[in-house]
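These numbers come from the heavy atoms of this one structure, side chains and all, not from hydrogens, waters or symmetry mates.
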Amino acid sequence: MARIDAARKQALAPAPFTTLVAVSKTQDAERILPVLDAGQRVFGENRVQEAKEKWPALKARWPDIELHLIGPLQSNKAREAVALFDAIHSLDRPKLAHALKAEFERVGRRPSLFIQVNTGEEPQKAGVAPLDASAFIALCRDELKLPVKGLMCIPPDGENPAPHFALLARIARAHALPWLSMGMSGDFESAIAFGATHVRVGTAIFGERE
């Protein structure tokens, strides 16, 4: 948190808040416990099945844990995701939007949603293209009435992430979306300079994954 606070002080126009999402994917409960004991309560997981196996017991001990799905979500996993997660960062296609709407209506639970934007337009990566973002935001937020709070991106490996963060921020401002999920261990200070409200940090907390 000290590095986040320092980055916020240096930013010209930081977001009203910056939430640290501790990325605990592939980490077992023994590695997560010291982070919980240190006071961290917001965690990010990539896969529904992995989260199902380790988080219910931890949430029973720490009811204030907030769990975020930051990896891709298959439509057929929407039911499990809605039951387990408090926020989903990877809404990226109409089929998933409709599946989430159906599940929200079925159970009455409404996790916060981020639309993933493929700012680098990489064919192997999930997310809507920047030029398609307006139409998809309109579908999700205005037509389906989903609780879309913001946007998420993962800049291409090896590129300067700053232009991608700036692009995501511009799209969010154009649609009055207050949250920006962007920035990881190697670039979260840059993301904060462009208004990140959620930074997804794993390696800087847990160390290199085995």
With salt bridge (Lys or Arg N to Asp or Glu O under 4.0 Å) as the criterion, how do R41 and E66 come out once you've worked through the C-alpha distance, each side chain's angles and the decisive distance to 0.1 Å?
CA-CA 6 Å; R41 290 295 181 269; E66 189 176 302; over 6 Å; no
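- Counting only heavy atoms from C-beta outward, the side chains of L36 and F43 approach each other to under 4.5 Å.
- A side-chain contact (heavy atoms from CB on, under 4.5 Å) with S181 is found for one member of K149, R200, Q116, H68 and no other, namely R200.
- Classification of the W179-F114 ring pair by plane angle, with boundaries at 30° and 60°, yields tilted.
- Considering only heavy atoms from C-beta on, C140 stays 4.5 Å or farther from L113 through its side chain.
- Taking the six-membered ring for Trp and thresholds of 30 and 60 degrees, H89 and H198 have ring planes more than 60 degrees apart, a perpendicular arrangement.
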Please table the atom pairs, donor to acceptor, closer than 3.5 Å between any side-chain atom in residues 5-12 and protein atoms at least two apart or in another chain.
unit_1, atom_1, unit_2, atom_2, d
R8, NH1, A15, O, 2.8
R8, NH1, T18, OG1, 2.9
R8, NH2, A15, O, 2.9
R8, NH2, P16, O, 3.4

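- Of the possible donor and acceptor atoms, none in the side chain of E143 sits under 3.5 Å from a partner among the backbone N and O of K145.
- Between L177 and G150, the shortest heavy-atom distance links the atoms CB-CA, 4.1 Å.
- Counting heavy-atom neighbours within 6.0 Å of K54 NZ, excluding the residue itself, gives a total above 12.
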Q | Audit row: R3, E189, salt bridge (Lys or Arg N to Asp or Glu O under 4.0 Å) steps and yes/no | A | CA-CA 8 Å; R3 287 175 62 187; E189 282 104 342; 3.0 Å; yes
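- The neighbour count for D157 CG, taken as heavy atoms of other residues, nucleotides or ligands under 6.0 Å away, does not exceed 12.
- Heavy atoms only, all atoms of each residue included: G120 and P156 are closest at CA-CG, 3.9 Å.
- A salt bridge is absent between E50 and R47; no separation between the charged side-chain nitrogens and carboxylate oxygens falls under 4.0 Å.
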